[in-house]
Each structure stands twice: as structure tokens, then as C-alpha cells.
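Chain naming here is simple, since letters A, B, ... match the order of the sequence lines and numbering starts at 1 in each.
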Amino acid sequence: MVNHAKNAEAFNQDEARTNWHDETLWFVREKRDKASGQIPEWEALRELASGIKDHTLSKLDVYLEEFEKKATENGIKVHWAVDAQAHNEKVFEILSDHGVKRIVKSKSMLTEECHLNPYLEEKGIEVVDTDLGERIVQLAEDTPSHIVLPAIHLKKEEVGEVFHNRIGTDKGASDPYYLTEAARQHLRQQFLTADAAITGVNFAIAETGGIVICTNEGNADMGVHTQNVHIACMGIEKIIPRAEHLGVFLRLLARSATGQHLTVYTSHLHKPKEGSELHVILVDNGRTEQLGRPDFRNSLKCIRCGACMNTCPIYRRSGGHSYGSTIPGPIGAILSPGYDLEKYSSLPFASTLCGSCSDVCPVKIDIHTQLYKWRQVAGAEGHIAGSKKRAMRFMGMVFGSPHFYRKVGRLMRRAARFMPNKWIYNRRNVWGKSREIPPMPKESFRDWYMKNRLGNGK
Amino acid sequence: MESRSTILAAVRANKPGEVALPSIRTIERNEISNCTDTFKNLVQAIGGKVEEIQYNEVQETVERLFPDAKYTASGTKRYKGTIQLEHITDPKALENLDVFVCRGLLGVAENGAVWLPESAIVHRVAPFITQHMVVVLNESTILEDMHAAYDEIDVAEYGFGFFMAGPSKTADIEQSLVHGAHGPRSLTVLLLKTL
Amino acid sequence: MRVALFVPCYIDQLYPHVAVATLELLESLGCTVAFPLDQTCCGQPMANAGFEHVSAKAMSVFIDNFDLYDYIVAPSGSCVLHVHEHIKAPDSSRPFSDRVFEFCQFLMDVLEVKELPGSFNQKVGLHESCHGLRGLRLGVSSELRKTPYSKPAHLLSMKKGVELVPLTRWDECCGFGGTFAVSEEAVSVKMGKDRIQDHLDHEVEVLTSTDMSCLMHLDGLIKKERIPLKVMHIAEVLNG
């Protein structure tokens, strides 16, 4: 059971660090604002992207089959996996066929979701994450806290310490240029000595049977083009109908993610290079189930830009790890309950429903509305604490009866006025820990109105 | 094949009623008045360099820009490198490549990207493993935006093709921007002016 | 114009002066205001906590009190949004989303107010409540790439003497969020502190908002820390 509030409270123990985390991500949000502001047709693009995704989801089976057919014609080997286990087994099978001992892997949230790394390591295959952020968390024996910026929770001094211990950089060195250069040298050796490459997929084009991978570092391409075996792992929702749709999504993706106009590398793979193999694994792992939930299906439109995390005032002040799920932040809080409602039932409550996530989302997922709806599912299915449930039932009764409501209001105001402060600010008054309770006036507005407008003052 | 039929059956059972596909032609695109200038500004803004040269000045320009380069390779006839890419079979053999020069098929004004298909780069790994990258681009090929770019190119024509927007970069350590993460440390676009 | 005043429960009980200011300003703008006496609460506190199903009675109390009116006005964006999205009017051709208005929205869109009586000589910081801004679209949020405007800000600029102070993160959430304020106390308090600091950094004297719930949270923090910042509902500022 993930307790977001508890994790968030722990995160907030170090206020200076919370401020640093908040400001770092707000900086990314501001870059997004600037980049998107340069596109006058931004809102129309969002609408279009949303419409294309809605359409795709409504014909997902057709496009998956079209993709499979075209990709196969192109010489790509297409595989299907119902769940994480099937996916991992398929990956292992391919790697075993080629006697692979070490793989270089670029960023793929799907493989994180399937816990591929520990699975392969148990089977004796070394996995080297090659995205700098992912390599940092891998060497630190940590997990990513953000889908685009995996090591955003770590300070450069901490990265320096990890690199010193694991790849032998100078003790105390924390200059990002120096550390990045060290990682470049270290990972070049990995690229040159690995046996296979694994990547994620940003878009798969049904019409042409090709896949598109976006990176800034060039790590996916370094892996793919140096190895003779490439396995690309993708959730089935990554399909888009036509190549021309890339224009729409690519204009939105990088601007939303990091405020760049386009990622440095946008690679289109349609055929394996000569003498090599390209495998694509299409993974369900709960996606078709989500597709069957009318209130929640459009979460599958997500293009994994991370903008909802950067904008979320709660994410910025609680950190990605507080969500305890592969995908954190607002989008994670609507995806994760679909996998395991009991485990992730606190996530839909890690929000004020401010709606910033929905407004920033490049494919217009109504994230905050879905958070509200997951709360209702959690409430109805008994995943909310008994004390809260009783309180809400009581409030339901109070507000259901005008007479009772007035009586309780009067009693509450009177009691608070006469109660000594130390009784009011007791341990169980969570509101009062850092906040004064509101004033308790003698009369309600209704009392005032009766007296002053209805001449009913006694 | 069990997974395949299970997934497709689940999609068919769970998908919503068909939603019409909107046309991308409905977008009223922002007009860019001077594509060349916009492109140049953007390439520089994202960490690249632009040099305007004549078509017969590629060789001397690259030599001037990279006087210390030991191993160079080329995908264009306008530049002769020290390594003949056609003779390379193992991509890892290119690990010491200092400069790679190739032709860009088109440029995109809105983001400073160039389109590099497999035919232009000869060896897929070359533009990634090289320390420095030089792209020769005809000014006349610069288009307004990504929609125009995808109208122009056939992504499936080659086994591989990519947009490159600036040199390889990362900001994974405290959002500090560093060029040269895994790919080239620099990108120079040699722009051949249209007369 | 005949208007029904919908007073959110916490304003009725804790901030009656806010409802008085709302009533007085509506009256001075020529409205005939009725206050249905048996109103309680729209049900939002329970619904946002995951218990929409226990708020059914509260919703029917709302319908009993307000269904006969064509214009219903409340000094709260949050409660109005909840009514719009979750309370179904008995006659579907007269949905509440067409009839229930947040106070500023009513002044701007229905009364089309061009000037306001009186003056208010203070440096004012506007806290854009999320439900008003992104829910009711009382303005354009900072995420959207549309021509900026804000109905509450527009009304404040109409008021003589008001110096509306620009803020750095002008539409970031204050962290109230109903039960969130208690269930996620640490983040809620941190968000509130950060909002207050933004106002202090810009030398705001009066912090105002369309929603007293946000202000209750912020004022609680302000009072606890004895910060010299006054909190007033926008109806009080506009009526002042």
C-alpha cells in the first residue's frame, strides 16, 4: 500500500530541498510555456492530437494489425505480450537465441513497468541503462523519479558521489560537464562491448510499419546501430495511424516535455540494418482493461511528455518517489489505480484537483476529472479509511437536513468560542498544526439575513 | 500467437464506438516569413553552428573548422574523408571517428532540424558515433514546419532516417545543459545559398 | 433582476460578512436578491473525498432550494463548479450550469457591470482559485496559449483605488483542496506558504480571491505565523 501523504510528509522534512525540487521543475514548466507560446496554433494542435488519439483508440485492433503486417513486410519481427511476464519472457527468449550476455538499454517506461531489469539480471544478463539520468539512478541503486528526467531528485554532489564510487570519477567532483563527460566515456565502452540493444518506442506508424524513437542524448541510436540485435518494447497504445500524424505529435512532445522545439534525435526505423534483427514487442499489460473503462480509457492517449509532473504543485513538493509507482505524478495517479486499486488508492487523493495537469496536457487528457472519478471508485470499493468514511457519512447527514445543519453549525461555533486553545489545538487537530482555525462568529449569515432583511430579529 | 489473439480480442471487446479521424489540414498554421533566417537562428539557439558557403567550399570549410581531425568520413561527394565508409562492416570500427560530413535532405525552420535518411549517411552509426557532425544543406530545401516536412519525405523509403536538431545534449544533472552526451559534441550546418 | 443567493456552508457559518458583502453589492447593482432559507451545502466536501454517493441528500436539498430560480449566484467558484458538474436539475432543459453563477462571472457576464461604486485604496494581490479559473474558466490559465484575461482581475481594475499587484506564479494552487488540506497536510501547508510568500515578495497588502475556502487556508497560515497580510474575499473588496 502506497501512502502518498506519509511519503510526502517525509519529503517535506527538508524544506530547502523541497524548494530546490519545486524550483527545478518549475523551471522546466517555464521552458514549456516559452516554447509552446511560440506556436500560435498550439491549442488547435492539442485538439488535433487528442482527436487523432481518440480515433486510434477506437480502431486500435485495426491499426495494430496493419502495423504488424507492414512491419513484417519491412523485415521487422513483431511479437505480442499479454502482460509483463510474457514480455520479459519474450525478451529473454530473443536474447538467449543470440547468446547475449550484456545489453545496452535506452529509456523505456514500459520496461520499467514490466521490471525487465531485475528479471534479466536474475537470468544472468547484464543490463546497462544508457540514458544519463537512468544510468545515474541505476548506479545509485535507486529508481527514476520522473519519466523524462529520471534523476531530477538528485543533486549534482550526490551524482558525483555515485560516480566516484562506481565509475571512478574524482572524489568530490560535482561539475555537470565533468560528470557528463565521464559518463560519455564510460558508456561508450558499454556500447562497444554489448551484445544487443533494447529501446522503448515513442510512436509506431500503422501505415508504414515503422517505429519512432526520440532522444536528446543519442543513446538509443548509439545502442541500436552498434548492435546486431535490437528489441523495441512498446505498449499497444503507442500506435498512430499515419506518418503525417508525426508532425502533430512531434510538434507537441518536446515542447511540452522540456521546452525544446524538437528532441535532438527523432529516429525512424523501418527496416533492420543489413545482417541485423529488429524485434518489436507489442505489450498489453492492463491496457485493454483500461480501454474498457469509459471514464478512464483516454488516459491511454498519453505520449509520456511529463508536463503534468512539472506543472503539478503536489508532485513538485512531494517528489516522484512519493507515488510509489513506475509512472508518478498526475498521469501516474490515474494509470496506477487501474493496475492495482488497493495498492495505489491514495494516489488519486494526492491532488487538489486544481486542473493544471489537464490544461498542460498536449493530448488533452482530462486528468483531474479522472482523479475525481478514481476517488469515487476508491470510496465505493472500500479503499478509504474507516474514520474518513464515518466523517463523510456524518457530513452527508448534516447537509442532508437543513434543520440539523443549522443546529450543528451553531453548536460548533459556540463550542469553538468557549473552548480553551489547548483543547482546540490538540494532537488530533491536523488543520491546526500549522494553521489557525477560522473565526467562529456568533451568528451565521442566515441569522443575519433573518434579522436584517426579513425583520425577524428578536 | 496466443498473446496476439488474446490482446486483439480484448481490444475488440473493450474499444469505444468509432471516433472519426480529424484531418490535419484543419490546422491554421503559423506562417514563417523568412524560413532561412528562422532556421539559422534556431540552429544556433539549440547549440549548433551555421556557415553560409558556396557548393565548392565544403572540403576547405571542414578542414578549416576541424584542423586537428585525424579520422574523418563522408556521405557526400563534396567532402573526402580519411575513412571510406563503404569498406566498414563492423560499426564499432568507427569508434575513433572525429568528423562526419553528410548531406541533409531538408531543413525545418520551426525547430532547426535537418532530415538525414540512410542514403545520406551511408552507415547508420556514423552520425552518432562521430565526435563532430557537419551537415551540408541547400537553403532551398528549408521548409516551414514539421507538417511540411512530413508532406515532403517518405519515412518508409529508407530503412532508417532521422531528424537531428542540434548536437547531442543532456540536462540530466540538475537541469544543467551539457552538449555531447553520447552523440556528437557539435553540429555545424553548412548552408549552400540559393542564388 | 431577481437573483437567488447561494451561500456556501462554510461562508454561512464562518464568514457571514462575505455573504453580506455579496448581497449588498448585488442589491446596489439593482438586483432583487432572495436567500432561500433551507439551503445547506452543494455536497462537494464529501464528493471530492470520494463519497459522492453520500452527498445525494445534500444535492436534493440544493435542488429544493434553488430549482425555481433562473439566476443563482454564489461567492465561490469551487461550489459553483461542483453544482455545474454534479447536480442534475430535474428539468434537463434548464441545467444548473446555465443558471448558477460565480459572483464575478455574474457581474461580468450577466449584469455586464462597467463601473463599481466606492473605492478601495490598497495594494491587492489576486489569488486565482483553481476551480474558478480552470473549472469555470473565469480567466485563461497560464498553461493555455490563448489571449490572457481574468474576470476577477478585470473587476478589481474597475474598482477605484485598487492597485492590482502582478505575482510570479499567479495561478498556482494554494493547496487547500478540501479534505486534501488535512489528509495531505504537509504538502498543503507548503503550497500555502509558497503562495503567501509570492504575495509578500510583491508587497501585497490585501490578498483576495473568489473563494473563501482558499483564503481560509491561507489566512490560517498567515495568522499562525503572524504575517502582516490581510485576507479579504473579492466581494468585500468590490463592495468596499
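- Per-residue counts of heavy-atom pairs under 4.5 Å with chain C were compared for A/Ala350, A/Ala378, A/Cys361; the largest is that of A/Ala350.
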- [ ] Could you give me the CA-CA distance, side-chain angles and deciding distance for A/Arg29 and C/Arg169, then say whether side chain to side chain contact (heavy atoms under 4.5 Å, CB included) is met?
- [x] CA-CA 11 Å; A/Arg29 157 73 207 269; C/Arg169 297 192 196 174; over 6 Å; no
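- Using a 4.5 Å cut-off between heavy atoms, A/Ser351 touches chain C through its backbone atoms (N, CA, C, O) alone.
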TODO: Might you work through the side chain to side chain contact (heavy atoms under 4.5 Å, CB included) test for C/Val18 and A/Phe445, ending with a clear yes or no?
DONE: CA-CA 9 Å; C/Val18 171; A/Phe445 172 72; over 6 Å; no
Open item on the list: As a quick check of understanding, evaluate side chain to side chain contact (heavy atoms under 4.5 Å, CB included) for C/Val7 and A/Arg446, giving each step before the final call.
Closed with: CA-CA 9 Å; C/Val7 175; A/Arg446 187 179 184 277; over 6 Å; no
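- In this structure, C/Arg145 pairs ionically with A/Asp33, as a charged nitrogen and a carboxylate oxygen lie closer than 4.0 Å.
- Between chain A and the residues C/Cys41, C/Ser141, C/Gly43, the most heavy-atom pairs under 4.5 angstrom are made by C/Cys41.
- Contacts of C/Gln13 with chain A are made by both backbone and side-chain atoms, with heavy-atom separations under 4.5 Å.
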TODO: List the steps and the verdict of side chain to side chain contact (heavy atoms under 4.5 Å, CB included) for A/Ile437 and C/Lys223.
DONE: CA-CA 9 Å; A/Ile437 62 159; C/Lys223 293 238 165 74; over 6 Å; no
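- Checked against A/Phe399 for a side-chain contact (heavy atoms from CB on, under 4.5 Å), the options C/Met46, C/Gln39, C/Gln44 give a single hit: C/Met46.
- Between C/Phe35 and A/Tyr449, the angle of the ring planes lies from 30° to 60°, which puts this pair in the tilted group.
- Considering only heavy-atom pairs separated by less than 4.5 Å from chain A, the leading option among C/Gly50, C/Gly175, C/Ser142 is C/Gly50.
- In this structure, no portion of C/His17 lies under 4.5 Å from any heavy atom of chain A.
- Ranked by heavy-atom pairs under 4.5 Å with chain A, the list C/Leu144, C/Val54, C/Asp64 is led by C/Leu144.
- The environment of NZ in A/Lys388 is crowded: more than 12 heavy-atom neighbours from other residues, nucleotides or ligands sit within 6.0 Å.
- Highest contact tally toward chain C, considering only A/Arg393, A/Lys433, A/Glu9, A/Met440, is held by A/Lys433 [criterion: heavy-atom pairs under 4.5 Å].
- If you tally non-hydrogen atom pairs under 4.5 Å between each of A/Ser401, A/Pro439, A/Ala8 and chain C, the highest count goes to A/Pro439.
- Heavy-atom pairs under 4.5 Å with chain A were tallied for C/Met216, C/His131, C/His53; the largest tally goes to C/Met216.
- With a 6.0 Å cutoff to the six-membered ring centre and a 45° limit on the axis angle, C/Lys224 counts as a cation-pi contact of A/Tyr425.
- Of the atoms belonging to C/Val182, heavy atoms from both backbone and side chain fall under 4.5 Å from chain A.
- Checked for salt-bridge contact, C/Glu184 and A/Lys6 miss the test: no charged N lies under 4.0 Å from a carboxylate O.
- With hydrogens and angles left out, the side-chain atoms of A/Tyr405 and C/Asp12 include a donor and acceptor closer than 3.5 Å.
- Top candidate by heavy-atom pairs under 4.5 Å with chain A, chosen from C/Met59, C/Lys193, C/Met191, is C/Met191.
- Although no hydrogens or angles enter the test, the distance criterion places no donor-acceptor pair under 3.5 Å between the side chain of A/Glu436 and the main chain of C/Leu221.
- Expressed to the nearest 0.5 Å, how far CD of C/Glu143 lies from OG of A/Ser358 amounts to 9.5 Å.
- Only the backbone of C/Val33 comes within less than 4.5 Å of a heavy atom in chain A; its side chain stays farther off.
- Salt bridge status for C/Lys190 with A/Glu15: present, with a side-chain N to carboxylate O gap under 4.0 Å.
- Ion pairing between a basic and an acidic side chain is recognised when a charged N comes within 4.0 Å of a carboxylate O; C/Lys146 and A/Glu43 show no such pairing.
- Using a 4.5 Å cut-off between non-hydrogen atoms, the part of residues 21-30 of chain C that approaches chain A consists of C/Leu23, C/Glu24, C/Glu27.
- Summarising the geometry, atom CE belonging to A/Met392 is positioned 9.5 Å from atom CG belonging to C/Asn48; distances are rounded to the nearest 0.5 Å.
- Note on A/Arg317 versus C/Asp194: salt bridge recorded, some NZ/NE/NH1/NH2 to OD/OE distance being below 4.0 Å.
- Side-chain N/O atoms of C/Glu85 and A/Tyr372 include no donor and acceptor closer than 3.5 Å.
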